[in-house]
Number of protein chains: 4
Amino acid sequence: MYVAIAGASGYTGLELLRILENYQGIKINQVTSRQYAGRALKDVFPVFNKSKNQNLVFSQELDFKSSDIYFLCLPHDASLEVAKQLYDNGKTVIDLSAAYRIKDSKIYPNYYNFEHKFEDLLSKAVYGLPEVYRESIKSAKLIANPGCYPTATILGLYPILKNNLIEENSIIIVNALSGISGAGRHLKEDFMYPEGYSNVYAYNLTKHRHTPEMEDVVKNITGKNISIRFTPHIIPISRGMLSTITVEVDISKKDLKDLYYQTYKDEYFIRLQERPSRIKEVIGTNFCDIYVDYDEKNKMAVITSAIDNLSKGASSQAVQNMNILLGKPENYCLQHLPLFP
Amino acid sequence: MYVAIAGASGYTGLELLRILENYQGIKINQVTSRQYAGRALKDVFPVFNKSKNQNLVFSQELDFKSSDIYFLCLPHDASLEVAKQLYDNGKTVIDLSAAYRIKDSKIYPNYYNFEHKFEDLLSKAVYGLPEVYRESIKSAKLIANPGCYPTATILGLYPILKNNLIEENSIIIVNALSGISGAGRHLKEDFMYPEGYSNVYAYNLTKHRHTPEMEDVVKNITGKNISIRFTPHIIPISRGMLSTITVEVDISKKDLKDLYYQTYKDEYFIRLQERPSRIKEVIGTNFCDIYVDYDEKNKMAVITSAIDNLSKGASSQAVQNMNILLGKPENYCLQHLPLFP
Amino acid sequence: MYVAIAGASGYTGLELLRILENYQGIKINQVTSRQYAGRALKDVFPVFNKSKNQNLVFSQELDFKSSDIYFLCLPHDASLEVAKQLYDNGKTVIDLSAAYRIKDSKIYPNYYNFEHKFEDLLSKAVYGLPEVYRESIKSAKLIANPGCYPTATILGLYPILKNNLIEENSIIIVNALSGISGAGRHLKEDFMYPEGYSNVYAYNLTKHRHTPEMEDVVKNITGKNISIRFTPHIIPISRGMLSTITVEVDISKKDLKDLYYQTYKDEYFIRLQERPSRIKEVIGTNFCDIYVDYDEKNKMAVITSAIDNLSKGASSQAVQNMNILLGKPENYCLQHLPLFP
Amino acid sequence: MYVAIAGASGYTGLELLRILENYQGIKINQVTSRQYAGRALKDVFPVFNKSKNQNLVFSQELDFKSSDIYFLCLPHDASLEVAKQLYDNGKTVIDLSAAYRIKDSKIYPNYYNFEHKFEDLLSKAVYGLPEVYRESIKSAKLIANPGCYPTATILGLYPILKNNLIEENSIIIVNALSGISGAGRHLKEDFMYPEGYSNVYAYNLTKHRHTPEMEDVVKNITGKNISIRFTPHIIPISRGMLSTITVEVDISKKDLKDLYYQTYKDEYFIRLQERPSRIKEVIGTNFCDIYVDYDEKNKMAVITSAIDNLSKGASSQAVQNMNILLGKPENYCLQHLPLFP
């Protein structure tokens, strides 16, 4: 089984290479990178010294034939085209961009600045959140790997959504925190070490691309129009994400907790914690740590959901999806514990 | 003018010593500390080497007579008693604890584990938030210096509260982030460097002492019963706090922004920023940086308010209060800019 | 094969639990902890939620019979006794303390405040640095797992030492940097997050316990009296260590580099890097990243050697030693790559 | 008195603006910046909101006439020319670049890639390290403000150098650590937050520009040829620098300490500490915290010297120099204490 990683020199591409290091039965036969074409992995990133892939050479262009599974770590508009061509070539595609995530294609011009010209393929793409869409993933040819904020948030809400406890036209309040790696490997003064140091701030308060993605999934699960009032923040760590969700639900604290334990009792990657979930405890893993509490005075559930934005929020979730596609145990190669401390 | 700092070896006490270093016309004549009684400031804290107060010796007990102004950086229940005795001795007290902050005395047993036995004095205490209660502060004898979360949150909401734009029985959603210094100088594994490193988490989700303090002030300003749904989080920085407030208000974005600029046009310490406020830009200062935006789809104001939890959230606000008491310019000794980067 | 971890609730004990999570063919059947006796691993450390060991209960006392291999993560003086008893019981011991590291027993009273009363056993203990003492480790019953600073430093110097390029009575200058986890899980103000934040400083400048350990190993390898002038520093990260070594050697830059590549050409865990080694690139792994350069003007080699103090500097090196003892591939369970970024 | 800052949008320029905020008797009448020409200070850097200079507009070109004192925060080769022109115009220049620091002009082509074509002016320039060259600074027209590493290192060595305790042809070992702001405001992947996070490494091991600067000053003070074996490192903080110096000296520990206390007894900015100096305790100040110890076995002094690289290592030292020039108290505007914690 040959595997390609397109856009392999960005953070999610490198994270895939890290995770796949000990994956048996596949061979990574191409990695692409505009910036580093012609150079070996180890020479650009000495962190890969002693990796079995250390001598892989970044290529400029993606070969659409020589691999079986393609992980796309490309800009959204590039992914739109590449995924289509691969699909037409009969390849299996796991797309880490947003190009095929949102079923409502009208979102794209407004939020991503392009028309979605492959609506037919969009309708066939499966949203790669295994805890919600496992069955569809098994036979998918194009998996739209979810965004990081939607992964943390939807998993934090899923027991409530699945049981349809939120009323039509409600507003869910989501305040989320992301490590700076979420911004990708793009040079910008704000993300320089000295300027990120000790700094925390909200951004894109009234228009973030993950808002319609979350609302789309919520609608797909519940059939209802429910708004997400989403406020993302940057925090001064490299990796890690926390979504804090506040939502009106009419339920007892005990029933709410039972609902979560029941819904997730067979999910390896969902760890229900008995005190608020901590970012440190998921870094480098595919775990999503969830804590649920209930504010009886205000009749609101308060849920915190922690993931590693580059792992469960991107690359290890992509590997989880590949495991499902290949019929492997879902936690194959994904069972290690996080560093502590 | 003689000044005492009770509990001077905690973070807020040390912060007072730092801020008052160049304050003219006062003399700090006593600093108390159980832990370090008998030792000189510089010997315990070499960071005070070359300070004019470096040879001040921590005393075990507070002398109720020899100073004119008393800053109390004591546990809440100790402050309750000490403030009363000082008040009865005719002294001026700036109390950094919560002992005299909440007018509704019934809150104390439930949230602070003591009965408030000095209700008469409680009613005379002035809540030391100058941007809201400046006039009363001028003649106060006992100032209840506000908590850090309430300072950031109330200042972030004040233009809306003052203009009574929130409906009775509404719920304001407040998600706030605090540097670890907010936990004080208490030894605990969670606050050790390795365990705090890369870690972020919510705490006290359904019962935090600052919730009733905020609700009490909101009620005092608006006359309405309005709930605060408050979720505080720990973030891995030493100092700094961000309060992100989401609240339904029926107003245009332009009017909302105008309201903030108008309300705060003469306030030196309120900096209205044109992009979301950043913790780094207030550290070590008395500034409160506020950004206000409006989500038209959900008809909600989203406000971010950043302070330094130990400064505007505690000690520099206490000095601002002293400036008002002494008839000094309100920003006396408080005009420096933060470090950047 | 049954494995015990004594002192399992400290950082090196927890790190062993993390690393052994996926180790096949062993069963951890006892973990001891004074502080948490009677409580389950997961309840004290929720980071172990979903671990196969999550329900292991910390016991107060170590059972000297029921396990085959004992990892000791105990204070030095406790280890001295426990290792002796286990050895006498015929057990295999991997001791992470310093109790059996230094062949010159006269060092102990001066540096560790106890007489080494088991000199016979001390002489049988094998210093568990596989790249230097692999052959002896294979048949050892008591392995003295090296200190973190000695591991980084000796591996950084080994090609020079092995080839005896340093003159008798020379002084090697070692400046080293350690993340705060190196101080262990001990509550102290200096190691609180706010006080460790942005802080860097040297400590134990003229008397650090790792100095005689390093000098002892250097003498064992070279047969010469060579001094180590050792200055350790604390840096504000959780894990990671860098040893920067400056030493007079009369050699060309090319020959020096060749010597390193030649000496380490078959060592999986030694990664010779072509730019100065970086702490980030070894965290969570058993790698030791080494960079060697030569200052021709001053005729000095300058070497930087990076490890994770809790991994190659303690627990993963202990597992490497167990692999050797058990005849497993030396990198069994130790082949993953570090997180990047 | 009119003051210009050339290159005001870099970190040292911004730091000058911060420090001069409350300086009486001067007016900053021009700030230049290629990148931000035409934009107001506050608009580019909202951290200057409420500064008295917030509406200063960055200009493209420096006006050589309209100011009295010019701080140059320019690239070295640009400074070479600009300082010359200003000097010829009779202006006072404080140059934060290296263009006029090294008396031995032959260093420039090799280390800075330009011929020093103004040797006459170079000979007139005064090295602006007040604790060493105070008298010459008083009447200087061109001050070459020292580099950060040389400031920390020379001040750490000065009592030994002044008393000529080091032998001809000795080698002083200097290992130094710098926060990432020392790299300036230049976009580079290595200095991005995620890649700098948890990272520490040496750089420029055998050729760093500050080596000849230090050797030049050492020669000027001692008259001897003494080598500096200098190894700088990057550490993951924004600001702060520590120089750890190891040098053979034949003296007793007591005499060594006395020498330091005697030499520096009247220096406000030198704080001799009784435990190793800590970076955190000098950040944002002009202090240089020094600790001196003696390794009797190896007959070596070990000295640690901590400064803020952007303050005493650049901009606040420049202000200290201006204070001397203007006949102000040397610590005017520089007397505040650092933040703690």
Side-chain angles (χ1 to χ4, degrees), chain B residues 9-15 18 33 35-36 39 43-49 148 177-203 233-241 279-280 283-284 308-311 313-315 338-339 341, chain C residues 9-15 18 33 35-36 39 43-49 148 177-203 233-241 279-280 283-284 308-311 313-315 338-339 341:
Chain B
S9 67
Y11 291 150
T12 57
L14 294 169
E15 177 73 347
R18 180 184 76 82
S33 165
Q35 188 176 5
Y36 300 115
R39 298 178 61 190
D43 296 339
V44 181
F45 298 103
V47 69
F48 284 93
N49 190 332
C148 48
L177 312 173
S178 173
I180 302 183
S181 66
R185 204 165 191 251
H186 304 299
L187 296 177
K188 194 178 161 188
E189 282 87 353
D190 278 349
F191 305 138
M192 294 281 287
Y193 199 86
E195 300 187 35
Y197 196 72
S198 266
N199 213 353
V200 181
Y201 47 93
Y203 67 102
H233 300 70
I234 292 289
I235 49 174
I237 60 177
S238 171
R239 291 160 165 249
M241 172 165 284
I279 282 183
K280 189 182 186 77
I283 292 174
D308 181 324
N309 56 302
L310 294 181
S311 295
S315 302
L339 299 187
Chain C
S9 67
Y11 291 150
T12 57
L14 294 169
E15 178 73 348
R18 180 184 75 81
S33 166
Q35 190 176 4
Y36 301 115
R39 298 178 61 191
D43 295 339
V44 180
F45 298 103
V47 69
F48 283 92
N49 190 331
C148 48
L177 312 173
S178 174
I180 301 182
S181 66
R185 203 165 192 250
H186 304 299
L187 296 176
K188 194 178 161 189
E189 281 87 354
D190 277 351
F191 305 137
M192 293 282 287
Y193 199 87
E195 300 187 34
Y197 196 72
S198 266
N199 212 354
V200 181
Y201 49 92
Y203 67 102
H233 300 71
I234 291 289
I235 49 174
I237 59 177
S238 171
R239 291 161 164 249
M241 172 165 285
I279 282 183
K280 188 183 188 77
I283 292 173
D308 181 325
N309 56 303
L310 294 181
S311 295
S315 302
L339 299 187

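FYI, side chains are in, hydrogens and waters are out, and symmetry mates aren't considered; it's all heavy atoms of this structure. Chain naming here is simple, since letters A, B, ... match the order of the sequence lines and numbering starts at 1 in each. Note that the structure is predicted; figures quoted are calculated from it, not measured.
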- Message: Just to verify, what does B/Y197 make a ring-ring contact (aromatic ring centres under 6.0 Å, His included) with, not counting sequence neighbours?
- Response: B/Y193, D/Y197
- Minimum heavy-atom separation for C/H186 to B/M192, with atom names? O-CE, 2.8 Å
- Query: Can you tell which of C/S181, C/G179, C/S198 has the highest number of heavy-atom pairs within less than 4.5 Å of chain B?
  - Reply: C/S181
- Task: Taking the side chain as every heavy atom from C-beta outward, state whether B/E195 and C/F191 have any pair of such atoms under 4.5 Å apart.
- Result: no
- Task: Looking only at non-hydrogen atoms, find the nearest pair between B/K188 and C/L187 and report the distance.
- Result: C-CD2, 3.6 Å
